[in-house]
**Q** 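Supplied in structure tokens, the structure appears directly below.
Just so it is clear, the structure is predicted and the values come from calculations on it, not from any experiment. Reckoned from all heavy atoms, side chains included, excluding hydrogens, waters and symmetry mates.
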Amino acid sequence: MSMSTRNPNEPIENLAIGQIIEVDGSRLVAELNPTLSELSRVYAGETYPIGQFGSIIRIHFGRRLVYALIGRLRMKSEFQAERGLVPASSSDERIVEADLFGEGEWVHGSSGEWELRFERGVSTYPLPQQTVYLTPKAELRFIYGKAKGAVVQLGQHVGSGGTPCLADLNELLGKHTAVLGSTGAGKSGTVAAVIHSILERGEKNSYEKWKPRIIILDPHGEYGTAFADHAKLSSDDGSLTLPYWLLNFQETVALLIGKTEFVATSQANIVKSALMAAREEGAQKLGLDANSITVDSPVPYKLSTLKAKIDTDKPPQASKQDSHNSILQKLEVLMTDARLRFMMAEWNDGGNDPFPEVIKQLTGDGPQPRIVDLSGVPNEVAGVSSAVIARTLFNLKIWQTQPERESDPVLLVCEEAHRYVPNRGEAQYEAAQEAIRRIAKEGRKYGVGLLLVSQRPSEVEATVLSQCNSWIVLRITNDADREHVRSILPDSMSGLTKMLSGLRRQEAIFVGQAAMLPSRILIRDLKPEQLPKSNDIDFDKGWQNDATPDIQIQEVVNRWRYQRR
């Protein structure tokens, strides 16, 4: 009987699998029918496996349908023993445990066809002894396929007959998303799939204009191969410019003195006084109001002025260990480090204000996405570099008007998030933590979306990760990481973490506000040229070649010596 003629609110007896024996908050326990001898049921030409992790069951409550996600399978005797009861069950009685997550009702739509009104959250709770049913695939396809508003396709739902997995674009980006998974689980491919789906949306919907603004912090230089038309910003070739004068006072102190937790107040005051004087001089040269700027204002200044001011303020008989001299020595080292030209190149005060040009490299018109290749950035300034980018984006949004924000939202993709926002509290990452934490907390109000990517979720700063409202979680093999994910996910979804170690490559659990239903999905396939560059080395092929010739070793030495890739 088709969906159009059969009342879908009526139970389908062939899909009944058991009865509820316990309801505890949003969690229910159901006993499978002892008569179940097959591991699957067939209905309307579709095969339904029984009791699979992540599969969706439904319970009828009058005209209401209550949906739950299976998160645990076990023997009834084990369940009884856990509660201190004497197992009275036969050895083959089995139970499933599931988390309630939504409810709906089939109604006649304006066209006369049946429509499912589905809502997340549960207001009607089932009772013990009610029958549990498998959810018809046609019903799942109806729910999955009726996503409202702007959507992008991430892949397809596992076990739903190839139904596309659609994500709400505004929920996915505006309220932040985390992509988590062990090395080799397909994390980078998932990020590429999300971004490709965003870029392709304009063409699929025949938009006259479609110009996403996407910035990827790429610590390994792997995303350049995934996007044919992109803008690469790299410290290696001079395409990335993050000038020292863009750093605020806290970041400047971290750069010149070191770990901020060991900075003496006297040292910070030396930097503050000299920095203020240098910015005031720069403001005057640009014709700006020097009386209105602060020590944090992004006003260009000369490093020579900063050095001269620190040198002038030091005591006449200052020793080599004096704070002034140690700061000057550190500044000299930074200025002569070839790897830091993208940050420490002296400002040429003879031209126009360079600040708008720095902003345009990140958010101006041109190819998308903007890939910030940080693979050549020394580790000691990687935190400051990412902090400057994140803070600059956020402050740009703060100072835009509301109409300007609405016409120019930005997505920041933070790859290897545990590197930039670790939970270890390392002082060299303090600036990055603060900048990205602020985007996580307040970015949605100003039009800055955050896509956090990490292979070690337990090492990511918890405040930042908990601000994400959607999660794409691939295979996770580490127990500590799985437990950390369990603690972050909503209570009703925590059962999903039990299946994380058994997911296939490209398979993920998709939960959160961007997902119509919590789902087990298979990420969409991409062409080889759409995938990030794999850094895996094939030993078998590699060892079928001659050893590196002398002339090639010399070329490598020169690249190493002069820091030129």
Side-chain angles (χ1 to χ4, degrees), residues 170 173-176 209 211-217 231 233 240-255 272 275-276 278-301 342-343 347 349 351-366 368-370 372 383-414 420-421 430-451 464 467:
N170 290 316
L173 306 183
K175 296 180 181 176
H176 314 315
K209 288 183 180 179
K211 296 188 175 183
R213 264 75 84 193
I214 303 171
I215 299 168
I216 304 175
L217 298 182
L233 303 175
L240 175 65
T241 303
L242 295 176
Y244 58 87
W245 49 262
L246 202 58
L247 275 62
N248 62 20
F249 170 60
Q250 179 190 9
E251 293 158 356
T252 304
V253 167
L255 188 67
K272 187 173 186 177
L275 183 58
M276 192 67 214
R279 287 203 195 276
E280 288 175 349
E281 180 190 277
Q284 292 169 355
K285 290 183 178 181
L286 290 173
L288 306 175
D289 183 3
N291 295 320
S292 299
I293 68 168
T294 69
V295 72
D296 288 332
S297 296
V299 174
Y301 64 87
F342 76 100
M343 181 176 284
W347 170 49
D349 58 358
N352 297 325
D353 185 356
F355 192 29
E357 293 300 319
V358 174
I359 298 294
K360 282 197 292 185
Q361 70 177 334
L362 296 174
T363 65
D365 196 16
Q368 293 293 335
R370 301 289 169 89
V372 183
V384 169
S385 300
S386 54
V388 169
I389 293 170
R391 184 176 50 77
T392 300
L393 284 175
F394 187 74
N395 285 336
L396 173 66
K397 296 300 163 188
I398 285 179
W399 293 106
Q400 283 180 331
T401 63
Q402 187 62 25
E404 287 171 339
R405 293 181 196 127
E406 291 174 354
S407 64
D408 188 38
V410 175
L411 171 64
L412 178 64
V413 181
C414 187
Y420 301 114
V421 280
E430 186 174 339
Q433 278 184 297
E434 188 58 38
I436 294 178
R437 186 187 297 125
R438 193 171 183 197
I439 288 179
K441 287 182 177 179
E442 306 174 52
R444 58 182 289 188
K445 295 183 292 185
Y446 296 103
V448 185
L450 191 61
L451 183 63
V464 173
Q467 292 294 328

**Q** In sequence, state the C-alpha distance, the side-chain angles, and the governing distance for F355 and L246, and then conclude on side-chain contact (heavy atoms from CB on, under 4.5 Å).
**A** CA-CA 8 Å; F355 192 29; L246 202 58; 3.3 Å; yes
**Q** Would you call T363 and I215 a side-chain contact if the rule is heavy atoms closer than 4.5 Å?
**A** yes
**Q** Indicate the atoms forming the closest heavy-atom contact of L217 with S386, along with that distance.
**A**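 Looks like CD1-CB, 4.0 Å.
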**Q** Look at atom NZ of K285 and say whether more than 12 heavy atoms of other residues, nucleotides or ligands are closer to it than 6.0 Å.
**A**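 More than 12 heavy atoms, drawn from other residues, nucleotides or ligands, come within 6.0 Å of this atom.
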**Q** For residues H176 and V448, report the shortest heavy-atom separation together with the two atoms involved.
**A**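 Smallest interatomic distance, heavy atoms only, reads CE1-O, 3.4 Å.
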**Q** Taking only residues two or more places apart in sequence, or in another chain, which ones meet F342 in a ring-ring contact (aromatic ring centres under 6.0 Å, His included)?
**A** none
**Q** List the steps and the verdict of side-chain contact (heavy atoms from CB on, under 4.5 Å) for I293 and M276.
**A** CA-CA 9 Å; I293 68 168; M276 192 67 214; 3.9 Å; yes
**Q** Would you indicate whether the side-chain heavy atoms of I359 and L396 approach each other to under 4.5 Å?
**A** yes
**Q** With heavy-atom distances below 4.5 Å as the criterion, would you say the side chains of L233 and L362 are in contact?
**A** yes
**Q** Is the shortest side-chain heavy-atom distance between M343 and L255 below 4.5 Å?
**A**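 Sidechains of L255 and M343: in contact.
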**Q** If we only count heavy atoms from C-beta on, is the Y301 to D349 side-chain gap below 4.5 Å?
**A** no
**Q** I'd like to check R438 versus I398 (side-chain heavy atoms, cut-off strictly below 4.5 Å). Are they in contact?
**A**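 The answer is yes, as the side chains (C-beta and beyond) meet within the 4.5 Å cut-off.
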**Q** Give the minimum heavy-atom separation between N352 and L286, together with the two atoms involved.
**A**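 Answer, listing the atom of N352 first, then L286: C-CD2, 4.4 Å.
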**Q** How far apart are the closest heavy atoms of D408 and Q400, and which atoms are they?
**A**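 The pair with the smallest heavy-atom distance is OD2-NE2, 3.4 Å.
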**Q** So which atom in L247 and which in R279 form the shortest heavy-atom distance, rounded to 0.1 Å?
**A** O-NH2, 2.7 Å
**Q** Can you sort out the partners of F249 under ring-ring contact (aromatic ring centres under 6.0 Å, His included), two or more places apart, ordered by chain and number?
**A**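 In terms of ring-ring contact (aromatic ring centres under 6.0 Å, His included), with neighbours along the sequence ignored, F249 is linked to no residue.
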**Q** For the CG atom of L411 and the CZ atom of R370, what is their distance to the nearest 0.5 Å?
**A**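 L411 CG to R370 CZ: 13.5 Å, rounded to 0.5 Å.
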